Participant: 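The structure under discussion is supplied below as structure tokens; questions concerning it will follow.
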Amino acid sequence: METIFSGIQPSGTPTIGNYIGAIKQFINLQNDYKCYFCVVDEHAITVPQAPLELRQQTLSLAALYLAVGLNPKKATIFIQSEVSAHAEAAWIIQCNTTIGELERMTQFKDKSQKNGRTGVSAGLLTYPPLMVGDIVLYNANLVPVGDDQKQHLELTRDFVERFNKRYSQPNQEILTMPEVKIAEHGSRVMSLQEPTKKMSKSDPNKKAFISMLDEPDIIRKKIKSAVTDSTGIIEYDPENKPGISNLLSIFSAVTDFTIDDLVLKYNGQGYGVFKADLAEAIVDLLLPIQTRYNELLHSDELDVILDEGAQVARLVANKTLQRMKNGIGL
Ligand code: ADP
Ligand code: NA
């Protein structure tokens, strides 16, 4: 059976972008693959986090994983910092990656441009090796991510090839080569306020994203105020009409309608009707998830599931780490 690893940072409540691009796919994957779903809290600390909030968001994200339908009997669900092999592997990987490779990552360029190189942590630069570790430790063949992570996956593949070449014995590769698995639709959900920029849970403008825990009235308000254009024509044209095209992708991703279905259905109607229906579709999707989330967050069940998940994860991760260390001569 093929193996999947995927992680989300607890750097805020997941948005419908995270849901459409990543979490939604997980639910089907757990039936067909051996799955590891991780809350990557060590990634979150590459930028400053308030300690209590970080802890709370870590548990909250784990509860959300379960609330959307991830099943601990089928998948391993755990918190990254509870498996120390991640930090250890990241060091080994950093020592086999060049600074040049890391400085080329667009996510680093974007974030360091905003704050200046001297104002960002070294961890922001060495974040991709931590991510490489997440993937290789579980021998993942497939990594389901949004479009924004493609470059990091390329780096992972380059690393695996180089590491195996340098350190593996003939016919005994130390690391498994992963493939990237991008969602067909909605692999890049855009900001509701600046539809040329990706929707992100860490956007300081809260109107730019819908969080999975937003209340119905907030969802309605945010969709209503989503930036579109003045033509009032509902058509899918991401280049010239990024706002309405983004809303069409979201609508299609949260319902059984295709984008073509929606364009036909709303032909000749204004943005107002379309937006109102979209808001209700999102509310219908999120309400049951939120109810289950609230039950889980205050239960012992969550702690038990995470403890068991970490135990399983440690066994697998430590084995790979040991192979890496043996290969290198540590
Ligand atoms: P964020 O940028 O919201 O903090 P993360 O870096 O934690 O998101 O990414 C978690 C997962 O969600 C990754 O698989 C990523 O590809 C996916 N993802 C993040 N933002 C989007 C988006 N706007 N559209 C689709 N998928 C996304
Ligand atoms: Na759809």
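Both backbone and side-chain heavy atoms feed into the values below; hydrogens, waters and symmetry mates do not. Ligands are counted one by one from 1 in listed order, and the atoms in each one are counted from 1 as well. Just so you know, these numbers come straight off a predicted model, no measurement behind them.
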Participant: Flag the pair Y138 / F78 as yes when their ring centroid distance falls below 6.0 Å, and as no otherwise.
Facilitator: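 So the answer is yes for these two rings.
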Participant: Side chain or backbone of A22 under 4.0 Å from ligand 1, or both, or neither, by non-hydrogen atoms?
Facilitator: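 It is the side chain that touches ligand 1; the backbone stays farther off.
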Participant: List every atom of ligand 1 that sits less than 4.0 Å from any heavy atom of Q149, numbering the atoms from 1 in the order shown and giving each element.
Facilitator: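 Going through ligand 1 atom by atom, the ones under 4.0 Å from Q149 are 16 (O).
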Participant: I want to check a possible cation-pi pair here: K201 against F209, using under 6.0 Å from ring centre and within 45° of the ring axis as the test.
Facilitator: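 The answer is no, since K201 fails at least one limit relative to F209.
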Participant: Does the N or O separation between K198 and ligand 1 drop below 3.5 Å for any pair?
Facilitator: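 Such a contact does occur with ligand 1.
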Participant: Taking N or O atoms only and a 3.5 Å limit, does K201 qualify as a polar contact for ligand 1?
Facilitator: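 Yes, at least one N or O pair falls under 3.5 Å.
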Participant: Between M324 and I174, is there a side-chain heavy-atom distance shorter than 4.5 Å?
Facilitator: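 Answer yes - side chains close enough.
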Participant: If you count the atoms of ligand 1 from 1 in the order shown, which ones are under 4.0 Å from a heavy atom of I8?
Facilitator: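 Numbered from 1, ligand 1 contributes 7 (O), 10 (C).
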Participant: Tell me, yes or no, whether the heavy-atom count around D300 atom CG, taken from other residues, nucleotides or ligands under 6.0 Å, exceeds 12.
Facilitator: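 No, because the 6.0 Å sphere around CG of D300 holds 12 heavy atoms or fewer from other groups.
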Participant: Please determine if S202 has a nitrogen or oxygen closer than 3.5 Å to a nitrogen or oxygen of ligand 1.
Facilitator: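 Not met; the criterion fails.
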Participant: Polar contacts were defined as any N/O atom of the residue lying under 3.5 Å from an N/O atom of the ligand; does this apply to M199 and ligand 1?
Facilitator: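 N/O-N/O distance below 3.5 Å exists for this pair.
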Participant: Would you please classify the geometry between the F26 ring and the Y65 ring as parallel, tilted or perpendicular, with 30° and 60° separating the classes?
Facilitator: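 If you compare the ring of Y65 with that of F26, the planes turn out perpendicular.
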Participant: For Y266 and D277, does a side-chain donor sit closer than 3.5 Å to a side-chain acceptor?
Facilitator: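 Side-chain D/A pair, Y266 to D277: present.
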Participant: Can you list the atoms of ligand 1 that are under 4.0 Å from a heavy atom of Q9?
Facilitator: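 Taking each heavy atom of Q9 in turn, ligand 1 has 6 (O), 7 (O) under 4.0 Å.
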Participant: Nearest non-hydrogen atom to atom 26 (N) of ligand 1 belongs to which of G12, P10, G17, P144?
Facilitator: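 The nearest heavy atom belongs to G17.
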Participant: Once you measure the plane-to-plane angle for F257 and F251, does it fall in the parallel (<30°), tilted (30-60°) or perpendicular (>60°) bin?
Facilitator: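 Perpendicular.
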Participant: Could you tell me if any non-hydrogen atom of I20 lies under 4.0 Å from any atom of ligand 1?
Facilitator: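 Under 4.0 Å: no for I20.
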Participant: Identify which of T13, D203, D148 has a heavy atom lying nearest to atom 16 (O) of ligand 1.
Facilitator: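 The option holding the nearest heavy atom is D148.
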Participant: Regarding N139 and T3, do their side chains bring together a donor and an acceptor under 3.5 Å, going by distance alone?
Facilitator: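 Result is no, nothing qualifies.
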Participant: Grouping I, L, V, M, F, W and Y whenever their side-chain heavy atoms are under 4.5 Å apart, do V304 and L315 come out in a common cluster?
Facilitator: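 No; tracing contacts between hydrophobic side chains, which count when under 4.5 Å, never links both residues.
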Participant: What part of R188, side chain from CB on, backbone N/CA/C/O, both or neither, has a heavy atom under 4.0 Å from ligand 1?
Facilitator: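 For R188, only backbone atoms sit under 4.0 Å from ligand 1.
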Participant: Ligand 1 and V189, any nitrogen or oxygen pair closer than 3.5 angstrom?
Facilitator: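 Between V189 and ligand 1, an N or O pair is found under 3.5 Å apart.
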